[in-house]
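A short write-up of the structure that comes next.
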Amino acid sequence: MPVEVIASVREMQLAADAARSRGLRIGLVPTMGFLHDGHLSLVRRAREESDLVVVSIFVNPKQFGPGEDYDRYPRSFDRDVGLVKQVGGDVVFAPSNGEMYPEGFDTSVEVGRLARGLCGASRPGHFRGVATVVTKLLCAAKPHLAFFGQKDAQQTIVIARLAADLNIDTRIVVCPTVREDDGLAMSSRNAYLSEKERQDAAVLYSSLSLAELMTGDGERDPAVISGAMQRLILSKPSARIDYVAIVDPRSLEPLVLLHDDCLILLAVWIGRTRLIDNVIINVRS
Ligand code: AMP
């Protein structure tokens with residue numbers, strides 16, 4: 001079956017209505033394109049769990065701040081459509097900016113406390129842009145299920161909150177982070193890295209692995225663990241730390257002592273490229 005490319009919101013809604021009236025389960029995978037194996041793992045999961053798999057490709061200007069990389073964000077639309085086809089997607093929903101944000105557009109969706117810290121603190125307005133676009137994509141594709149990557153941990157928590165708070169009838173499914181051989185989380189932004197920076201970037205995952213080792217050895221003090229992580233990261237000349245945080249995975253509140261499930265997140269600049277990653281560690285008391 002060829003992939004159907006839909007550019008209009010109205011057409012997407014009609015396709016969704018038609019699928020729903022036939023009793024089909026719709027699965028949506030929202031992306032900004034330049035697809036890699038991380039994205040494709042979400043599409044494969046959607047294929048397993050839904051009858052109509054919709055992949056949205058939209059580089060959302062509202063989630064980029066001034067001076068961020070909106071203009072140079074990598075794009076490869078035709079290749080993306082081919083990849084979606086290869087892994088069994090049915091529809092690529094690719095609206096233009098004008099289609100998503102027509103003249104007079106004046107609404108935003110803002111999640112509160114969960115969206116304020118961590119990436120929300122470093123990138124003011126970012127999660128407002130994400131929450132707004134995801135709400136619009138859910139209204140366009142009317143999915144039963146929507147698939148997101150653990151790689152963007154705070155984003156998954158913000159989206160699950162907004163779906164619950166706004167009574168959106170879509171199940172939010174979080175899928176594991178897909179990594180390169182050296183542990184670097186796959187990301188469209190990895191394409192910005194020079195060869196040397198690409199090597200240095202492996203330190204994000206090495207530092208998360210170090211945290212896992214330390215907790216395995218019995219360390220329970222988050223300050224000690226994040227201190228060791230920061231020293232390891234800063235051993236790479238191209239690295240600059242935005243944040244390293246050890247938080248409760250539900251509330252995103254910092255932990256004073258590690259117990260049960262801990263979410264360890266970081267955002268690190270490698271040269272001019274800001275990368276994020278995280279792991280959830282279960283600490284047995
Ligand atoms: P993006 O195109 O970066 O907005 O990402 C679209 C979706 O793919 C988001 O739900 C991301 O969390 C997810 N994603 C991105 N990179 C990965 C990865 N390495 N592993 C799993 N999911 C990912």
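Atoms within each ligand, like the ligands themselves, are counted from 1 in listed order. One-based numbering along the sequence shown.
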Within-cut-off N or O pair, Ala185 and ligand 1, under 3.5 Å = no
task = Using distance alone, determine whether Cys175 and ligand 1 share an N or O pair under 3.5 Å.
result = no
key: Pair Tyr70-Asn60, side-chain donor/acceptor within less than 3.5 Å   =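 No - no donor-acceptor pair under 3.5 Å links their side chains.
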For [atom], what's the nearest protein heavy-atom neighbour? Residue, atom name and distance, please.
| atom | value |
| --- | --- |
| atom 22 (N) of ligand 1 | Gly149 CA, 3.5 Å |
| atom 15 (C) of ligand 1 | His36 CE1, 3.9 Å |
| atom 20 (N) of ligand 1 | Val178 N, 2.8 Å |
| atom 12 (O) of ligand 1 | Asp152 OD2, 2.6 Å |
| atom 1 (P) of ligand 1 | His39 NE2, 3.6 Å |
| atom 6 (C) of ligand 1 | Pro30 O, 3.3 Å |
| atom 4 (O) of ligand 1 | Met32 CG, 3.6 Å |

Once you restrict to heavy atoms under 4.0 Å, what part of [X] touches ligand 1? Side chain, backbone, both or neither.
| X | value |
| --- | --- |
| Leu42 | side chain |
| Pro176 | backbone |
| Arg179 | neither |

message = Donor-acceptor pair, distance only, cut-off 3.5 Å: does the side chain of Thr156 make one with the backbone of Val174?
response =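 Not a single qualifying donor-acceptor pair exists.
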request  = Just do the salt bridge (Lys or Arg N to Asp or Glu O under 4.0 Å) check on Asp260 and Arg250 with the steps written out, would you?
outcome  = CA-CA 12 Å; Asp260 303 330; Arg250 286 159 292 271; 5.9 Å; no
Nearest atoms (heavy-atom pairs only) where Ala160 meets Ile172 =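 So the two residues come closest at CA-CG1, 4.2 Å.
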key: Parallel, tilted or perpendicular: ring planes of Tyr101 versus Phe58, cut at 30 and 60 degrees   =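 If you compare the ring of Tyr101 with that of Phe58, the planes turn out tilted.
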